[in-house]
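Only one structure is covered here, and it is reproduced in the block below.
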Amino acid sequence: MSDAPIIQIKNVSKLYGGTVKAVDGVDLEVGRGEFFALLGPSGCGKTTLLRMLAGFEVPTAGQVIIDGQDMATVQPNKRPVNMVFQSYAVFPHMSVEQNVGYGLKMERRPAKEIRERVAEALELVKLGHLGKRMPDEMSGGQRQRVALARALVKRPKVLLLDEPLSALDAKLREAMQLELVRLQKTVGITFVIVTHDQSEALSMANRIAVMNQGKVQQVAPPAELYEMPANRFVADFIGKINMIEGDSTAAGDGEVRVKAHPLGEMTLKGTATGKVALAVRPEKIFVDEKEPTDPNLIKVKGKVGEVAYFGSYSNVFFDIGLGQPLQADISNVSSDIEEYTFKAGEQYWIYWRKSDTLVLGD
Amino acid sequence: MSDAPIIQIKNVSKLYGGTVKAVDGVDLEVGRGEFFALLGPSGCGKTTLLRMLAGFEVPTAGQVIIDGQDMATVQPNKRPVNMVFQSYAVFPHMSVEQNVGYGLKMERRPAKEIRERVAEALELVKLGHLGKRMPDEMSGGQRQRVALARALVKRPKVLLLDEPLSALDAKLREAMQLELVRLQKTVGITFVIVTHDQSEALSMANRIAVMNQGKVQQVAPPAELYEMPANRFVADFIGKINMIEGDSTAAGDGEVRVKAHPLGEMTLKGTATGKVALAVRPEKIFVDEKEPTDPNLIKVKGKVGEVAYFGSYSNVFFDIGLGQPLQADISNVSSDIEEYTFKAGEQYWIYWRKSDTLVLGD
Amino acid sequence: MRLFRRNPDPMGPLDYSRRLWLRAFVAVTLFFLYAPIIGLMAFSFNDSRRNVVWRGFTTDYYVKLWNNDSLMMAFANSLTIAVMTTIVSTILGALTAYVLWRYRFPGKAVYEGGMALPIVIPEICMGVAMMVFFARIGWPAGLPWPINLGSITIAHIAFAFPFAAIVIRARLESFNRELSECARDLGASEYRVFRDIVVPHMRPGLIAGALLAFTLSLDDFVITFFTAGPDTVTFPVKIYSMVRFSVTPEVNAASTVLILVTLVVTTIALWIQNRNNMIGKSAH
Amino acid sequence: MRLFRRNPDPMGPLDYSRRLWLRAFVAVTLFFLYAPIIGLMAFSFNDSRRNVVWRGFTTDYYVKLWNNDSLMMAFANSLTIAVMTTIVSTILGALTAYVLWRYRFPGKAVYEGGMALPIVIPEICMGVAMMVFFARIGWPAGLPWPINLGSITIAHIAFAFPFAAIVIRARLESFNRELSECARDLGASEYRVFRDIVVPHMRPGLIAGALLAFTLSLDDFVITFFTAGPDTVTFPVKIYSMVRFSVTPEVNAASTVLILVTLVVTTIALWIQNRNNMIGKSAH
């Protein structure tokens, strides 16, 4: 097995009606065995990109290369990829076995091989006992397993998944997230998943490409994406974040001097200059009645506004004299309710590490 | 204003087809000015109960009393309550002003009073400038505001809300949660909300009734519900929780002696005896390489299994020698990624406070 | 919806001109459908009494229609019957649709099935049944105009109102019942809910149903033929009796008029239905 | 969907028997619709040549129908035409529906509109147009059976296949295009996708469309009347010519047979449509 990327997307664009750019000059590489996520709001072009890999959309410009082979003239039924569709697309008039075996039948495999591989694939997705069932006798979760088995039985080089969990309810979705990760480790095939749900992408993928308006905004592993977002869009789209507007000037050595009301002036790691946002994640914020003394902290006095209790954490909004409040997520690490009760109007010192502060340009 | 509860539900049941109990002997009281939530999975009877308050369903047995008055013979159009419907039910052929004024027109109020009160209600929901708009020119969020204004303009004694946020997307939903709380504080009217979303109920309501299969499981403020669930159903339905099976015997003085593999034997606060579940919330669990010494902790050695990264926290599954893993939510309070990276197979001490441990009967 | 319709043509549009069999198929079926009708309409402008060869354009035959008193009388009869049928059918249809939608009562299923009978039953049988029915109840003949159109109008109503009812019923299906609950909740009586909320929603269905009843009545030949007395000739019956002598360009002209009226009315009805479907979609 | 249909009758069912006006309305409309038809059918069993009074039950007139050679010939003609029409209309309709659903091509909107023309155009005009058309192209007369039914059959196909196409097209609307994409993705050629995935989905539409074409052809009077030669009599035309003499119980019996055949076929078609709608719903 070579080390070359299994998927290379080179400067690909897709225009609709000659002008609307659904995908706009995208360059991407996906490595062998990766669990790769395309993440973005609806209409950002992520699905169009996935459908180009499957062959259902033709790029207006650029090249799609899978396992070293240019896909420009390869029809969908001849590509070394398989797809799990959003609706699962389980053939309603075929039994589970017939569904899973359909792809092998199209390859004209001998009946015995089909039987064996179908049984194996059904075992893999834990549906070994349901081969004779018809799709309308199955739950949504089971139908998704059929769709997975049907794609994996073809032993594709890449498995494409289009919002595979969006049709499931919340509890099932969480369980399937873990199971998809397990499955990908078992079969070792490259997975490319499209999702609009950031927690899905963060928890499952090795690497994530965040897209907006047809363009890739950032490609990075989950933790890097969350802790070091490349720009405001990514910071805002992934998780919750506080942004305080400020002015930044270069201070050399990968540092900038930032002035932001009401935090004052400080030197921070970063490169963005001019109008910037000082950004900090709500769970990185600490709250105390006493003023902290550590010089590596950014601190500000604030008054408790609204408090939203979520059980495992409380989302507390502090008025720090800005237009919008500063929100802090306080993890409720003790069952003693009094310990983390915030009352509107109380004054606190709010602080966070300078190293946890991001300086974001546009 | 008297201190008697504004709503009294006395032993109310509702049978469909003579046998199916949609609501089964419910007793509830809602106080004046409360923000009360009916929470439960779909089909638990919460919506039926709400519709009984509005008068669209008639109880098979029991009494519904609103503000001291028995509602048995009162038609929906004569009740001192108003409802915000799940679909918002904005009249499509009427302008926003006509929609909001409809209820006052039915009361035969003079045109001038209607005009003034409509304007006031639209200000309240921040739609003052959109009175002439038609509903099909508005977004989902704006239509919801119309529905709110239309119900509030009637100055009901109780405002009923049927899954008011389920038709909005995730970002808007969060913003509206805060705004509904603010609105309720402003108008001071009792709100009764029906929802299947526990985070919605926890973050908005003063008090929550958790329902299952037509019965009320527990009525309590959010934090009490989360930290002191009455039974397994409530513990499992609200938030995530680890449950370890064990045997309990009474030890007097509000304490029980519990034996549970692999934690050993210990004395805990609680009353449930026999087969019980030792339950602990994932965010109450701490992890360390060194063995903790505090005798007030429950501790166990575990091996890291799967790790799901969610940005603000990581959901780490530890194998502690049981059938199911023990999950811990580790808040990512530092942006230094290395600090909270767990690798599969690593050994850790896992511990939590005895006081954070629940002993749950069935 | 988005789930299944993300892309209007996800298989990729195929270039029509490259697909010969498709081109041939489209051409043949279009010809098959259009040729007789277009021929009929075109030759109403042919400057020749014989129908076979094209001799030049003329509107003479339309002028002749206009001056043909018995034909104009038939047209007046047809319009009178159609208007009466439309009014009564729409009211009856709306009430029936509302009753079926709103209430439960014993025998509702039978009633709904019965409603559909006149749509299903062969026209010739309807015609015979109506003829026998009026004969048996002793419907008086030789009444003055327009009362002599009564039997035809009643037969047309019996035939047309189930169509109107079905169109209106279909419209009511898309009604969000939370709207009427909401109006109740805001203090409206049942009657006010009907007037303020249900009727405005029904309106496109009422119009479409009325236009449908109008064209059904205007175009009907078989049932009219069996229930009409000798002195009550309608436009289609008149065309029929003209054809019995020979197919003159006047016949073509009369047919063309009938086709155009029907097409215009139907187009309006479809346009209203489409528009209201689109509004219905955007509102939810 | 759940959003708007939580409750089948949220306003609370009203007791039918307490609502007099509802009771009266239901009774009157039922009578209005049923009486002529039920009368017609009932008196086919009346043991009397005169139609007016009930004299006792008999099936004599059905036996007489059976022994009436010219009527049986007409019935055979009708069935032959209907079967031919059904086969050709269903195939043409399926192809048309598939082409309209699957491809984009210039003039598609015109084509779709044109498709609907025979449904909209007055029957009498269709009849006249067909008659003129066959006369103009010089369709030969006096051919041996069953070739002499050719012109009627062609006219019926032109009239019936758009109905079949619309039913099949409606069925295709509910097709989840991800199914065909998925089959492509799994290695199927376009032809295999059509055969393995699209046709099985179409099937209920094909059956319903075929049954619709069958009843349309079997029941048609006007178009047949204009395109039939003197030696090609169909069942409805035969009933018509029998009525011209007088309404005998044989006419009632013949009408009853036609009604029953139509009702049975239509019921089957509706049943298939309902069943497939329900399956369609449960699958999504």
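What you are looking at is a predicted structure, and each value in this text was computed from that prediction instead of being measured. Just so you know, these numbers use all the heavy atoms, side chains as well, and skip hydrogens, waters and symmetry mates. Order of the sequence lines fixes the chain letters, A, B, ..., with proteins taken first and strands second; residue numbering starts at 1 for each chain.
Looking at C/L218, there are no atoms closer than 4.5 Å to chain D (heavy atoms on both sides), in backbone or side chain. Of the atoms belonging to C/F221, it is side-chain heavy atoms, and not backbone ones, that fall under 4.5 Å from chain D. Residue C/M131 touches chain D through its side chain alone, counting heavy-atom pairs closer than 4.5 Å. With a threshold of 4.5 angstrom between heavy atoms, C/V261 does not approach chain D through any atom at all. Both the backbone and the side chain of C/T96 come within contact range of chain D, each with at least one heavy atom under 4.5 Å from a heavy atom of that chain. For a residue to count as touching a neighbouring chain, one of its non-hydrogen atoms must lie under 4.5 Å from one of that chain's; by this rule C/L92 touches chain D with backbone and side chain alike.
Counting only heavy atoms from C-beta outward, the side chains of C/V132 and D/P36 never approach each other to under 4.5 Å. Residues C/D219 and D/E123 form no side-chain contact, since every pair of their non-hydrogen atoms from C-beta on lies 4.5 Å or further apart. The side-chain heavy atoms of D/I124 and C/S255, taken from C-beta on, include no pair separated by under 4.5 Å.
For the set D/F225, D/F159, D/F134, the entry with the most heavy-atom pairs within less than 4.5 Å of chain C is D/F225. Ranked by heavy-atom pairs under 4.5 Å with chain C, the list D/L216, D/I121, D/V237 is led by D/I121. Among D/V128, D/I239, D/I38, the residue with the largest count of heavy-atom pairs under 4.5 Å with chain C is D/V128. Across D/L95, D/I157, D/V265, the residue that shares the most heavy-atom pairs under 4.5 angstrom with chain C is D/L95. With chain C as the partner, the residue from D/T266, D/I259, D/I154 showing the most heavy-atom pairs under 4.5 Å is D/I259. Ranked by non-hydrogen atom pairs under 4.5 Å with chain D, the options C/P162, C/G127, C/C125 are led by C/C125.
Using cut-offs of 30° and 60° on the angle between ring planes, the pair D/F226 and C/Y240 is perpendicular.
For the atom pair CZ (D/F133) and CD1 (C/I37), the distance works out to 11.0 Å, reported to the nearest 0.5 Å.
D/S89 meets the side chain to side chain donor-acceptor pair (under 3.5 Å) test with no other residue; sequence neighbours excluded. Evaluation of the side chain to side chain contact (heavy atoms under 4.5 Å, CB included) rule for D/A135 yields no partner, not counting sequence neighbours.
A side-chain contact (heavy atoms from CB on, under 4.5 Å) with D/P122 is found for exactly one of C/D220, C/T215, C/L258, C/L263, namely C/L258.
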